[in-house]
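Fair warning: this is a prediction, and the values are worked out from it, not measured in the lab.
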4 protein chains.
Amino acid sequence: MLITMHPQATQEEIKEVVKQIESIGFKPHLIPGAQRTAIGITGNTGTIDPVTFEYLPGVSDVIRVSKPYKLVSREVKPENTVVKVGSVSIGTDDLTIIAGPCSVETLEQTMAVAEVVHSCGIGLFRAGAYKPRTSPYAFQGLGLEALKILAEVRDRYGLQIVTEALDEKSLELVEKYADMIQIGARNMQNFSLLRQAGQTKKPVLLKRGMSATLEELLLAAEYILSEGNYQVVLCERGVRTFADHTRNTLDLSIVPSVHRLSHLPILVDPSHGTGRREKVIPMARAAVAVGADGVIVEVHCQPEKALSDGPQALLPDMLVDMVDQLRQIHAVIHKERSKTQKV
Amino acid sequence: MLITMHPQATQEEIKEVVKQIESIGFKPHLIPGAQRTAIGITGNTGTIDPVTFEYLPGVSDVIRVSKPYKLVSREVKPENTVVKVGSVSIGTDDLTIIAGPCSVETLEQTMAVAEVVHSCGIGLFRAGAYKPRTSPYAFQGLGLEALKILAEVRDRYGLQIVTEALDEKSLELVEKYADMIQIGARNMQNFSLLRQAGQTKKPVLLKRGMSATLEELLLAAEYILSEGNYQVVLCERGVRTFADHTRNTLDLSIVPSVHRLSHLPILVDPSHGTGRREKVIPMARAAVAVGADGVIVEVHCQPEKALSDGPQALLPDMLVDMVDQLRQIHAVIHKERSKTQKV
Amino acid sequence: MLITMHPQATQEEIKEVVKQIESIGFKPHLIPGAQRTAIGITGNTGTIDPVTFEYLPGVSDVIRVSKPYKLVSREVKPENTVVKVGSVSIGTDDLTIIAGPCSVETLEQTMAVAEVVHSCGIGLFRAGAYKPRTSPYAFQGLGLEALKILAEVRDRYGLQIVTEALDEKSLELVEKYADMIQIGARNMQNFSLLRQAGQTKKPVLLKRGMSATLEELLLAAEYILSEGNYQVVLCERGVRTFADHTRNTLDLSIVPSVHRLSHLPILVDPSHGTGRREKVIPMARAAVAVGADGVIVEVHCQPEKALSDGPQALLPDMLVDMVDQLRQIHAVIHKERSKTQKV
Amino acid sequence: MLITMHPQATQEEIKEVVKQIESIGFKPHLIPGAQRTAIGITGNTGTIDPVTFEYLPGVSDVIRVSKPYKLVSREVKPENTVVKVGSVSIGTDDLTIIAGPCSVETLEQTMAVAEVVHSCGIGLFRAGAYKPRTSPYAFQGLGLEALKILAEVRDRYGLQIVTEALDEKSLELVEKYADMIQIGARNMQNFSLLRQAGQTKKPVLLKRGMSATLEELLLAAEYILSEGNYQVVLCERGVRTFADHTRNTLDLSIVPSVHRLSHLPILVDPSHGTGRREKVIPMARAAVAVGADGVIVEVHCQPEKALSDGPQALLPDMLVDMVDQLRQIHAVIHKERSKTQKV
């Protein structure tokens with residue numbers, strides 16, 4: 001942490017700040033400047049709020065320096081983390097694709113999509129059993145019945161199942177039935193749920209909150225790792241901005257930022273990120289081109305009849321087309337990425 | 001819902017859209033325009049996603065018209081809702097003030113603040129027993145021990161207790177020990193928690209999410225009302241923007257907007273809304289001046305020693321000063337507000 | 001400026017950074033920390049971009065410390081600036097109100113509003129002669145003809161004229177005909193226009209850009225002061241956010257922030273800040289309550305016939321009502337503000 | 001435009017609205033709904049502000065339907081516009097790359113970069129002669145001297161020159177010396193400058209404002225086209241959001257949105273969009289992958305000595321590497337794009 005004093009700050013004021021710093025057990029370092037004095041603070045300052053010093057007489061600014069997260073940091077673990085979901089690895093040089101319908105609606109509808117996903121050589125299947133819906137009157141998911149249908153999908157097609165948990169009860173069931181636990185954007189700071197996910201043995205897909213900073217996303221992941229579960233994959237799914245031409249603004253620049261600061265893999269969700277079918281493939285291409293470890297997309301055989309988010313679902317032939325394009329783009333950037341280890 | 005066709009749309013395309021509308025059980029109304037045709041849709045369209053029609057040939061735009069919320073709407077219940085917390089009423093012509101420390105740290109610290117709050121003639125006491133913290137390494141609250149201390153505060157000072165619940169377990173305990181259940185900004189779309197709060201018999205203080213639209217806030221309240229609990233108070237606590245001079249941007253204009261669309265009371269939290277002690281009183285004055293039903297603020301006798309959010313806590317004498325100013329401003333706007341029934 | 005090194009940074013890397021700092025003429029100060037080394041930089045670092053050092057081997061972060069603005073800063077001039085517009089002073093303990101129609105449409109319409117404004121005891125009249133319109137097909141203002149009408153308003157009612165300049169030509173005419181030059185939000189970073197305004201002898205009303213940070217607003221003012229014109233008044237008029245219940249989100253917390261960092265007065269524009277007539281009075285009250293030096297509002301006698309922004313214009317009787325409410329609120333906060341010199 | 005009445009609206013209130021609509025010369029269309037009546041309005045309603053009707057008794061909502069822009073719209077001109085800058089065409093199936101230093105600093109520095117750009121087979125050279133700088137104390141560009149240096153670059157390397165104009169005077173000079181006039185983000189709504197650019201014979205590169213919506217961007221272009229200059233290229237360069245890990249948030253999803261609504265080409269600027277050298281190549285790849293017509297990037301041979309924006313400038317070998325990667329990605333998406341005409 002660094003404190004800068006006002007140009008007119010008196011020696012007494014400076015002494016007082018130094019005393020305060022020592023009184024809470026940290027070490028001050030005076031930096032007498034041309035116009036003003038600055039005071040560096042060392043020790044593990046991660047837990048002090050900069051503002052603590054801001055109102056001492058003579059203080060101009062207080063700036064936090066050290067990062068508050070540890071386990072997710074590349075400084076602590078330089079090599080990339082590879083997350084294993086059954087037979088599939090995320091965070092390697094291979095491109096990860098997760099696909100499936102927004103929700104499990106019926107056995108038939110789910111199997112039909114699974115058939116398409118499997119036929120594209122995709123190993124991970126996503127579909128919602130528990131749906132967080134803005135309106136209490138909207139379809140909320142089939143729950144346990146859906147989880148059982150997803151188990152059948154795994155049995156029939158060997159697809160690994162990724163599905164969202166909303167609360168304590170659903171997390172227990174998702175852990176039991178699925179292969180990867182998804183924590184949605186609305187729950188990115190549901191800390192009880194994060195801790196519970198950290199105590200499971202299943203890998204976790206953690207989506208960025210709608211207005212979460214990079215630091216908040218990494219700290220949410222830190223909650224999971226701090227409970228002992230190191231199998232975490234991050235996911236960018238769009239943030240809230242003034243822009244009204246898409247449902248959310250997909251912030252692809254977070255991908256290289258995550259790769260620089262953390263060893264965790266990061267996927268991109270262009271379906272929720274745009275909310276518009278015709279933008280999913282272009283943004284999925286962009287996600288792979290920027291260096292994401294993969295994408296997660298929604299597919300439906302009859303989107304116009306979907307009980308949720310039909311308008312953003314790809315049609316089967318669009319999925320085939322997308323996978324083909326993504327693999328070509330991934331091949332282009334692959335060499336360069338492996339060179340630089342994604343940093 | 002309204003659909004506008006492209007100027008070049010053919011009669012066949014228009015017929016097709018009309019057929020689609022009828023096929024899902026709604027009534028189309030053709031509006032032949034100078035440049036283009038529009039098609040109105042009637043019936044309860046609250047549940048259709050506009051985008052469902054957006055990709056039919058010839059369609060230019062689809063606009064949703066009807067509101068998705070019902071029970072919280074002033075259209076459904078024109079008169080203001082008054083929420084009773086023990087002997088205190090929120091949503092009347094009286095100004096509501098809720099004050100207390102960010103967290104319960106010790107019996108002494110809590111009683112000391114309660115003494116101050118009570119001496120200001122304030123009837124509602126806030127203090128966190130369960131704290132949602134961005135970092136897993138930050139103080140997380142004393143939990144049940146804190147709730148018992150708060151019960152003592154009620155016994156000794158007759159203050160009604162407002163405290164936050166984070167999950168199923170803490171909600172059960174908060175319902176048992178406190179007088180009003182707070183759902184924090186990070187949980188505004190934790191729909192399981194909202195439903196559970198809707199099943200309790202205690203009034204609920206629902207804070208706006210950091211990037212929640214007005215409609216999402218009202219729909220979050222709708223979750224609680226739809227479970228049978230009509231005792232809900234909304235709270236603006238600042239939203240995420242690019243602005244970096246305060247922790248959040250307090251969006252006071254939502255107050256008249258809520259009063260126009262809903263019958264529920266709304267408070268403002270200038271402590272979290274600014275994150276800066278010296279801005280709390282000015283913004284609290286602004287909140288009362290804009291017509292909020294009241295404010296909720298943090299107070300601490302030794303903020304520099306607070307385990308959380310010390311920098312935004314008012315000192316006791318500042319609270320006294322604030323209450324005095326707020327009451328004077330409330331008196332000024334009171335007549336005008338009662339005239340217009342806050343709309 | 002402060003540089004923090006990675007925990008694993010080598011002594012060579014640290015030496016290299018020190019050399020770099022010296023090579024560009026600044027003084028490095030080593031701060032050996034528990035986990036990592038930090039390096040303070042002194043000298044006038046306002047002109048270095050922190051990122052200059054960010055990619056040197058071993059560097060973790062670079063943080064800018066000193067403020068880039070000077071003349072507008074309270075550190076340089078502690079006492080409040082009072083801006084004189086003819087006989088009216090802005091930035092004193094008196095409340096400033098500027099009112100008038102969005103645009104000058106006709107002599108009659110303008111005089112009718114001026115009559116109302118004057119009858120409220122308001123000394124400053126606003127009305128657009130040159131209108132920045134989002135669409136090239138919208139009414140663009142009467143230009144010179146409007147300026148002449150405004151000069152008549154001054155002659156007849158003794159009102160001081162505040163009107164916007166859009167470019168070099170209009171600025172010359174506005175300087176000639178009006179008493180205060182308004183630079184609109186869209187031109188807040190039109191640096192040529194700012195310099196030109198800085199070379200005039202007339203006071204300037206500078207509106208905050210739609211996504212300008214506090215620092216950018218102060219630097220825009222710095223452009224004007226740096227040319228020799230110290231008569232600058234800032235104005236908050238709402239910023240762009242995801243929130244869709246008002247046209248813009250009025251950021252009232254910038255008022256105490258400006259008063260803390262700068263000696264310049266700041267007004268608030270609740271008309272453009274909300275875009276909704278019924279929200280103008282509540283937000284104007286809030287602006288005065290938060291401590292703004294005054295407000296600027298739009299008034300129209302027949303808003304439904306206005307050529308621009310009719311929906312946000314107050315009706316004459318609403319203006320009378322508002323002025324009455326604002327003066328009462330101003331009286332309430334006046335003592336406290338004078339105590340604390342607005343800081 | 002569509003008006004929805006309150007469920008409780010009376011027949012008199014509905015009649016009144018209908019009368020109002022007719023009184024201003026438009027045609028009302030009644031849509032009696034299950035719960036409420038809606039009223040469609042036809043005629044060219046582009047110029048009415050929806051709020052005009054919002055406060056009539058019984059009115060619930062007013063929604064604008066028709067688009068306010070015309071000349072830039074794909075509805076008016078379905079085929080893509082190709083913009084010619086000397087021998088180079090923008091908006092074809094070829095990938096456009098514009099590269100060069102942020103500013104012209106010296107003849108040597110400029111020629112050195114031009115040499116690199118030319119050697120990559122790039123036909124368009126960008127470099128600032130007039131720099132819009134947030135601080136009045138920062139380097140403001142060499143002006144005319146820089147324009148003459150750029151003219152030499154054209155003579156020596158046959159590169160077409162793209163450079164920014166800030167005001168009337170600089171626009172006249174840029175039109176005279178350069179091949180393409182850039183209007184920067186800060187001037188996107190400097191309507192006088194837009195009109196002036198519309199009266200020139202040179203193609204215009206129009207950058208999106210920092211908080212401009214898609215509609216505002218298209219309307220800014222409409223200003224230029226409405227003056228008779230149809231040679232306009234749009235450019236996404238990042239928007240303002242709460243996210244703090246990059247200087248701006250590059251909104252790539254605007255590319256398919258522009259291609260859907262307009263016939264104008266759109267480029268992406270990953271240098272300003274990220275402000276970080278190491279993110280420029282990843283985001284440039286993403287821009288091409290999403291379907292942009294090209295990119296504009298900054299290059300410098302000694303970024304650490306650059307007078308502006310050094311930290312985001314690519315090094316020569318990085319440019320070579322980037323061009324190679326972009327061409328491969330462009331080849332991948334080219335077929336698919338030509339199929340779908342970019343829509």
Enquirer: Is K169(C) paired with E168(D) through a side-chain N to carboxylate O contact shorter than 4.0 Å?
Expert: yes
Enquirer: Please check if the side chain of S73(C) supplies one atom and the backbone of Y69(C) the other of a donor-acceptor pair under 3.5 Å.
Expert: no
Enquirer: Heavy-atom pairs under 4.5 Å with chain C - which of L166(D), L218(D), L193(D), N190(D) has more of them than the others?
Expert: N190(D)
Enquirer: Using heavy-atom distances under 4.5 Å, tell me whether Q140(D) contacts chain C through its side chain, its backbone, both, or neither.
Expert: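 When you check distances to chain C, only side chain atoms of Q140(D) fall under 4.5 Å.
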Enquirer: Select, from A220(D), G209(D), S135(D), A212(D), the one with the greatest count of heavy-atom pairs under 4.5 Å involving chain C.
Expert: S135(D)
Enquirer: Answer yes or no: is there a side-chain heavy-atom contact under 4.5 Å between H272(C) and E298(C)?
Expert: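 Answer yes - side chains close enough.
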Enquirer: Less than 4.5 Å to any heavy atom of chain D: does that hold for the side chain of R195(C), its backbone, both, or neither?
Expert: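 Contact with chain D: side chain only.
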Enquirer: Can you tell which part of T241(C) gets under 4.5 Å to a heavy atom of chain D, answering side chain, backbone, both or neither?
Expert: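 No part of T241(C) comes within 4.5 Å of chain D.
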Enquirer: What part of E222(C) gets within 4.5 angstrom of chain D, counting heavy atoms only: side chain, backbone, both, or neither?
Expert: both
Enquirer: Check whether any side-chain heavy atom of T134(D) sits under 4.5 Å from a side-chain heavy atom of R186(D), and report yes or no.
Expert: yes
Enquirer: If I measure from the heavy atoms of chain C, does T213(D) come under 4.5 Å with its side chain, its backbone, both, or neither?
Expert: both
Enquirer: With E216(C), which residues qualify under salt bridge (charged side-chain N to carboxylate O under 4.0 Å, His left out), at least two apart?
Expert: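 R240(D).
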Enquirer: Which bit of F191(C) is near chain D, if near means a heavy-atom gap under 4.5 Å: side chain, backbone, both or neither?
Expert: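 Only the side chain of F191(C) comes within 4.5 Å of chain D.
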Enquirer: Just distance, no hydrogens or angles: give the donor-acceptor pairs under 3.5 Å from side chains in residues 17-26 of chain D, sequence neighbours left out.
Expert:
residue: K19(D); atom: NZ; partner: E16(D); partner atom: OE1; Å: 3.2
residue: S23(D); atom: OG; partner: Q20(D); partner atom: O; Å: 2.6

Enquirer: Is there a donor in the side chain of D251(C) and an acceptor in the side chain of T249(C), or the other way round, less than 3.5 Å apart?
Expert: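 Short answer, no.
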Enquirer: Taking every heavy-atom pair that is under 4.5 Å apart, which of L219(C), L194(C), D167(C) has the most such pairs with chain D?
Expert: L219(C)
